[in-house]
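Read through the structure below, which is laid out as structure tokens, and then see the notes.
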There are 2 protein chains.
Amino acid sequence: MKRVSKQEKLFIKEGLIMANIKDIAKMAGVSVTTVSRVLNDYPYVSAEKAEAVRQAMEKCNYQRNINAVHLSKGRTFLIGVVVPFSNHPYFGLLIEGIANAALNNNYKLVLIQTNYEEEKEVEALTMLKDKQIDALIICSRICDWGIIKEFIEYGPIVLCEDAREKNVSCTFVDHYKSFSSALHYLYGKGHSRIGYCIGRQSGTNSEQRSAAYTRFLEENSLSFNPDFIFSGCFNFEDGEKIVTDLMRMKERPTALLVTSDQVAAGILTCCKEHGIFIPEDLAIMGFDNQPISKVMHITTLEIPLVEVGRKLFYQAMDGERVSHEEIAVKFIERETV
Amino acid sequence: MKRVSKQEKLFIKEGLIMANIKDIAKMAGVSVTTVSRVLNDYPYVSAEKAEAVRQAMEKCNYQRNINAVHLSKGRTFLIGVVVPFSNHPYFGLLIEGIANAALNNNYKLVLIQTNYEEEKEVEALTMLKDKQIDALIICSRICDWGIIKEFIEYGPIVLCEDAREKNVSCTFVDHYKSFSSALHYLYGKGHSRIGYCIGRQSGTNSEQRSAAYTRFLEENSLSFNPDFIFSGCFNFEDGEKIVTDLMRMKERPTALLVTSDQVAAGILTCCKEHGIFIPEDLAIMGFDNQPISKVMHITTLEIPLVEVGRKLFYQAMDGERVSHEEIAVKFIERETV
DNA sequence: ATAATTTATGAAACGCGTTTCAAAGCAAGA
DNA sequence: TCTTGCTTTGAAACGCGTTTCATAAATTAT
């Protein structure tokens, strides 16, 4: 046991060296147990001893080492959030909802931006295993379910996709249902050449949309044209490429179902520049009801993303129970169809 | 010292109870020091002992407790990032730059969304003090410098504002200079009734812009009209309110300097709907050169935000040195002036 | 009056990994 | 031959806080 010199005692008292709980105990004339009790608002400490502890802490500007607390308690009050991109309105809104709920519950976010690389997703899962985060929310992923399920035993994992057949919690939109209803709405408006724009073609959400589209075509005896499917559509600026592609096509869709209002807004803006009239030449329907859709009068389906984020957080906190929450999608009719 | 029962040994071997370093040492027939040496790629371990350790770890699916590692080593490989909003393109790009650099250097981000509340900013600073994060990047703040400087002793703090006169590192745009040059450009194009749109009126960056505007008016003997300054402009949809305000004004600016391309795009879109011609009736100049500015042909000043984020990260990693990096702003002329 | 409960305190063990220092053997250099 | 440096290993101390269990006194309930 290293003996503390007089010089070090002086430094600790003046806050030049960080004091530890033993220093505080000695200075206050109590045991480390009593100091810990004061720190953790435990009832059985006399008022005078509690005050002595508080004064010692203030004199030394004491701050406990949080890693020691985490080791002892087995919790870090950090929650991991996996997103493919930070700079994207959809995920920005999810993060906002999660972040606000987290701060209201004394949790902090660890943001893991994956760029849709499996290795990064596994890093996030490993943080759960090595106890660096108390829970993990996966907003979008590329890794197989088989990988995720190996980590469930280490802590709560929550998905932002339909996981009703899996033993993890989720908050999700039934994309098959909402995509189908949007397709039927467009069909009811007289459209039979309908295309759609998505971010990527893999993933649970995208598979559901694809299935809905295929089913829709069959039900209505419509032929499938692969050129009517546009992927890689994430941001406003991606609308430009879609319009360029449309201009080149002999046979064009007369309606586009676009899985992001931002992209829909980009398409709309570029169509105006190229003399394509909306909705006469091309009807456009968005998703999410982001603020930009109101400004530009885009017909859309509303998903309350901040609220989804909030629910994801509370599911992650409820580590005892697995729950599956479906989010209702609301139809917002404006001027683009 | 608690004696481990035969049942517990079996559970550890089968991975039903998490093994600790002592279990691995016993199973491999070495000391915990040797196990730690293997874990940390220390050279002085014989090949056969290293292999025995590795096999024991694999058999138990061993994962060390990262909080114990952090306690021992005094580092968590977490970096705090303070942003006012998650859902905003400017901060989204900064975070993207920081996040990519962080992952390339084995660091993870702890995202603290403050909604411009001082209390939240102090929470972030406290994480530095209690050793939960190794460094802190403040992208935008509301708290006084007096608060920040009390935390410098606990670890590296990096600001995204001009902090050349302070003992913290920063990566910044000289907003006085760039705002001045933009004002002079508009003046040179014949405009004397020039307004500007900003997010908020407080903060280092905003003060510099305000000073540049005041100086510009004086130099050119132009009168100050408070109605020409629009604040609360963060997103595309905020453009709508600005255009509504413009329509009500008797005396309107003939040019607008807008501190975000997103807002400029929103203004542009709404002007078109209200019969205001760009640039004939109103010239618009943006900032950042976000992708949307190219699609909509907005004249702008380019700030490479992803690169700024990257630089902020590397400054935070260089805890030994204080550095101040000015970012050059590049003029991009398009069609809105 | 006796038993049970509450209040208050502290020594020591506990969580789990890292590091220091001692010890021993071997090889190279003076 | 002696000294120095390298290689290898492990016991014990260290980091810093939390919790358990023992002890004693005071208060309340039977």
Side-chain angles (χ1 to χ4, degrees), chain A residues 1-4 8 12 17-53 56-57 60-77 126 129-132 134 154, chain B residues 1-4 8 12 17-53 56-57 60-77 126 129-132 134 154:
Chain A
M1 183 61 80
K2 189 175 143 195
R3 189 170 285 278
V4 182
E8 285 178 315
I12 290 167
I17 296 179
M18 288 194 77
N20 64 27
I21 199 169
K22 279 187 221 149
D23 301 321
I24 301 296
K26 180 162 291 186
M27 210 175 299
V30 299
S31 70
V32 294
T33 312
T34 302
V35 177
S36 190
R37 287 195 180 111
V38 175
L39 284 171
N40 293 289
D41 294 311
Y42 194 76
Y44 298 150
V45 185
S46 73
E48 70 181 3
K49 290 198 169 170
E51 185 55 33
V53 170
M57 290 197 299
C60 299
N61 193 24
Y62 172 73
Q63 183 78 29
R64 61 191 161 176
N65 184 321
I66 203 69
N67 295 305
V69 178
H70 295 160
L71 179 60
S72 296
K73 292 194 168 186
R75 290 173 77 185
T76 59
F77 291 96
T126 302
K129 187 178 178 182
D130 69 16
K131 299 181 198 297
Q132 197 169 12
D134 296 341
Y154 301 113
Chain B
M1 184 61 79
K2 190 174 142 200
R3 191 170 286 277
V4 184
E8 285 178 315
I12 290 167
I17 295 179
M18 287 195 75
N20 64 27
I21 200 169
K22 279 185 220 152
D23 302 320
I24 300 297
K26 180 162 291 189
M27 210 174 302
V30 298
S31 70
V32 293
T33 314
T34 302
V35 177
S36 190
R37 287 193 180 113
V38 174
L39 285 172
N40 293 290
D41 295 313
Y42 195 75
Y44 299 151
V45 185
S46 74
E48 69 181 3
K49 290 199 171 174
E51 185 55 32
V53 170
M57 289 196 299
C60 300
N61 194 24
Y62 173 73
Q63 183 78 27
R64 61 192 163 177
N65 185 321
I66 202 70
N67 294 304
V69 177
H70 294 161
L71 180 59
S72 296
K73 291 192 167 186
R75 290 172 77 184
T76 59
F77 292 95
T126 301
K129 187 178 180 181
D130 69 16
K131 299 180 196 295
Q132 197 169 13
D134 295 341
Y154 301 113

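The model shown is predicted, which means the values in this text are computed figures rather than measured ones. In what follows, chains are A, B, ... by sequence order, proteins preceding strands, each numbered from 1.
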In whole angstrom, what separates B/R37's CZ from D/dT8's P?
11 Å
Atom CG of A/N20 to atom P of D/dG15: distance rounded to whole Å?
8 Å
Within residues 62-73 of chain A, find the residues that approach DNA chain C with a heavy atom at under 4.0 Å, and present them sorted by residue number.
A/A68, A/L71, A/S72
side-chain N/O B/S46 vs D/dT7 OP1/OP2, d < 4.0 Å:
no
Distance, rounded to the nearest Å, where B/D41 contributes CG and C/dT19 contributes P:
13 Å
Grab the CD-C1' distance between A/Q132 and C/dG17 for me, whole Å please.
15 Å
Just the rounded figure in Å: distance from P of D/dG15 to NZ of A/K22.
7 Å
Who are the side-chain contact (heavy atoms from CB on, under 4.5 Å) partners of B/A56, not counting sequence neighbours?
B/I24, B/M27, B/A28
Between CG of A/N40 and NZ of A/K73, what distance do you get to the nearest 0.5 Å?
4.5 Å
Just the rounded figure in Å: distance from C1' of C/dC16 to NZ of B/K26.
16 Å
Does B/K49 place a side-chain N or O at less than 4.0 Å from the phosphate oxygens OP1/OP2 of D/dT8?
no
Comparing B/V45 with B/V32, nearest DNA chain D nucleotide closer to 5' gives the residue B/V45
Take atom CZ of B/R75 and atom C1' of D/dG15, then tell me their distance rounded to the nearest Å.
16 Å
What verdict does the side-chain contact (heavy atoms from CB on, under 4.5 Å) test give for A/V30 and A/V45, after you've listed the backbone C-alpha separation in whole Å, the side-chain angles of each residue and the deciding distance to 0.1 Å?
CA-CA 11 Å; A/V30 299; A/V45 185; over 6 Å; no
Whole-Å gap separating P (C/dT19) and OH (B/Y42):
9 Å
Any chance the side chains of B/S31 and B/T34 put a donor and an acceptor closer than 3.5 Å?
yes
Locate the shortest heavy-atom distance separating A/D134 from A/F77; write the atom from each residue and the value.
OD2-N, 2.7 Å
From D/dG10, D/dT18, D/dT9, pick the nucleotide closest to the side chain of B/S31?
D/dG10
Quick one: label A/V35 by what it contacts on the DNA or RNA (base, sugar-phosphate, nothing), any heavy atom closer than 4.0 Å.
nothing
Nearest atoms (heavy-atom pairs only) where A/Q132 meets B/I66:
CB-CG2, 3.5 Å
Look at the side-chain N and O atoms of A/Y44 and state whether any lies under 4.0 Å from the OP1 or OP2 oxygen of C/dT7.
yes
Looking at the base of C/dA8, is there any donor atom on it, or on the side chain of A/T34, that sits under 3.5 Å from an acceptor on the other one?
no
A/Q63: side-chain contact (heavy atoms from CB on, under 4.5 Å) partners, not counting sequence neighbours
A/M18, B/T126, B/K129, B/D130
